[in-house]
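Structure first, then comments.
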Number of protein chains: 2
Amino acid sequence: MKYSASKENYLKAVFHLQQAQGTVSTNALAAAMQTRAASVTDMLKKLKSQKLLQYERYKGVKLTAEGKRLAIHIVRKHRLWEYFLVDKLGFGWEEVHEMAEELEHISSKKLIDRLEEYLGFPDTDPHGDPIPDNQGRMRVSKAVQLQELPVRTTCIISHVGDQSAEIMELLNHLRLTIGTRLEVKRKFSFDQSLEVMLPDESLITISQHLSSNLFVKPEKNLALSGPES
Amino acid sequence: MKYSASKENYLKAVFHLQQAQGTVSTNALAAAMQTRAASVTDMLKKLKSQKLLQYERYKGVKLTAEGKRLAIHIVRKHRLWEYFLVDKLGFGWEEVHEMAEELEHISSKKLIDRLEEYLGFPDTDPHGDPIPDNQGRMRVSKAVQLQELPVRTTCIISHVGDQSAEIMELLNHLRLTIGTRLEVKRKFSFDQSLEVMLPDESLITISQHLSSNLFVKPEKNLALSGPES
DNA sequence: AAAATTTATTAGGCTTGCTTAAAATAGATT
DNA sequence: AATCTATTTTAAGCAAGCCTAATAAATTTT
Ligand SMILES: [Mn+2]
Ligand SMILES: [Mn+2]
Ligand SMILES: [Mn+2]
Ligand SMILES: [Mn+2]
């Protein structure tokens with residue numbers, strides 16, 4: 001069975017939205033797809049008739065097992081192509097999302113499996129998001145928002161919360177990328193901004209907007225660690 | 001300006017057909033596109049209104065300079081992706097045409113220029129067809145049909161006449177590929193078949209149908225070469 | 001040159017994916 | 001409970017790309 005690029009994009013959008021919310025609203029989908037609610041309703045009827053999602057009018061929407069399987073396969077293709085573009089063709093992580101948005105619709109399963117092998121079975125894409133394997137299995141991230149860490153915690157940047165070139169432009173400027181180690185030095189209650197220390201011991205300030213979109217893996221909490229001998 | 005995959009396919013088909021014939025007929029295009037003549041007429045009107053081709057009813061069709069420029073760019077993408085699939089991902093030359101038929105519609109110009117660089121600026125695709133450069137320049141092949149060579153000529157296979165998996169299946173079986181050196185030993189007037197010698201001195205028979213789809217570059221004509229001392 | 005045949009175009013209709021405007025339903029407010 | 005408001009659906013229509021059937025033009029045959 002082959003589906004249009006438009007249907008694949010809808011499935012992917014429902015998949016991402018139902019990670020955050022449980023069930024997905026028509027308006028949320030319209031916003032994500034940059035289209036109108038009426039168009040979404042039309043498409044939901046079609047996808048329902050193909051048994052790719054559960055949908056009752058006025059009740060929101062959820063993927064079926066088959067819909068989810070397909071959505072994950074699109075995500076897999078998207079992330080493998082992004083990895084290719086950065087790792088092999090030398091693009092910056094802020095440039096690749098748009099191209100992957102097209103490449104993810106190339107249909108050959110064999111092509112994507114060969115590409116994955118060629119790339120050396122990468123675990124995550126250039127933005128730190130996990131790449132599903134060819135069975136659709138996907139590692140679950142234990143990362144938390146940088147915003148939520150207490151002062152004096154050391155952590156490593158694991159992924160970014162959205163795919164916009166804007167957030168990556170800012171991170172490039174601040175010399176922050178996936179894998180960068182940070183220590184949270186101060187939190188300002190006035191605007192929820194953070195002061196963090198980089199590996200070179202320089203200090204930078206991070207807005208609440210940015211820190212809520214930066215996901216990190218905590219390393220250790222210096223405040224709670226026992227005294228060194 | 002961005003064009004649909006369908007329009008790009010039409011432009012490419014007109015381009016290939018007008019290489020052989022000068023001007024292209026509606027029916028020839030319908031056959032090449034695997035569609036109906038009525039659909040072709042519809043599309044020709046649209047492409048004409050976009051000034052991509054010259055078209056007068058009942059008079060056939062020819063690309064404009066802009067149409068040709070676009071068509072060559074699609075051909076460039078098609079062949080670079082084919083090269084990638086064979087050289088980097090290890091596909092056989094008989095497997096890649098279908099995938100390239102989709103990949104050629106990926107729009108990013110920067111992507112294809114980076115890919116070309118990554119591949120080392122190949123001259124020809126896996127089937128021996130020339131790859132246009134990023135200015136649309138394309139080497140002209142001096143190859144001739146194997147069928148046309150006189151007996152005792154040595155030659156090197158330069159490209160195949162169509163993109164079907166069937167011809168490549170046969171060539172794989174006969175251990176013939178781009179770059180293989182052949183000597184025409186005999187021509188049979190009954191069915192126009194040829195007997196040719198391979199580099200390992202084995203002899204094989206080649207049908208007229210195959211030899212008219214095999215393009216070669218003549219090396220030297222042994223019959224005319226002077227006596228060795 | 002007329003007739004027959006081939007080739008191409010027009011007419012009318014279908015599906016997909018989208019739009020705006022109007023109507024219906026659900027949820028919140030009084 | 002009635003009313004207001006936000007959300008969602010329905011209705012009607014458009015463009016792209018295809019189809020079949022009918023018609024017209026060009027070409028070949030007689
Ligand atoms: Mn992405
Ligand atoms: Mn996409
Ligand atoms: Mn194509
Ligand atoms: Mn080719």
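Source: prediction; values computed, not measured.
Atoms CG and CG, on A:Asp129 and A:Asp123 in that order, are 12.5 Å from each other to the nearest 0.5 Å. Atom-to-atom distance recorded for B:Tyr55:OH and B:Leu63:CG is 14.5 Å, nearest 0.5 angstrom.
When each of A:Glu102, A:Glu104, A:His73 is tested with A:His78 by the rule side-chain hydrogen bond (donor to acceptor under 3.5 Å, both in side chains), just one qualifies, namely A:Glu104.
Although no hydrogens or angles enter the test, the distance criterion places no donor-acceptor pair under 3.5 Å between the side chain of B:Ser158 and the main chain of B:Lys217. Judged purely by atom type and a 3.5 angstrom limit, B:Arg79 uses its side chain to pair as donor or acceptor with the backbone of B:Pro130.
Using a 4.0 Å cutoff on non-hydrogen atoms, no part of residues 20-31 of chain B comes near DNA chain D.
The existence of a salt bridge linking B:Lys12 and B:Glu101 is confirmed by a sub-4.0 Å separation between a basic side-chain nitrogen and an acidic carboxylate oxygen. Look at B:Arg76 and B:Asp113 and you find a salt bridge, because one of the NZ, NE, NH1 or NH2 atoms lies within 4.0 Å of a carboxylate O, short of that distance. Between A:Lys46 and A:Asp42 there is no salt bridge, since no side-chain N of the basic residue sits under 4.0 Å from a carboxylate O of the acidic one.
Cation-pi geometry between A:Lys88 and A:Tyr83 is not met at under 6.0 angstrom from the ring centre and within 45 degrees of the axis.
Annotation: A:Tyr10 is not in aromatic contact with A:Tyr3 [ring centroid separation under 6.0 Å not met].
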Pairs under 3.5 Å (N/O, protein and nucleotides 2-5 of chain D):
none

Summary of protein contacts for nucleotides 10-25 of chain D, nucleotide by nucleotide, where a base hit scores B, a sugar-phosphate-only hit scores S (4.0 Å, heavy atoms): B-----SBBBB---BS

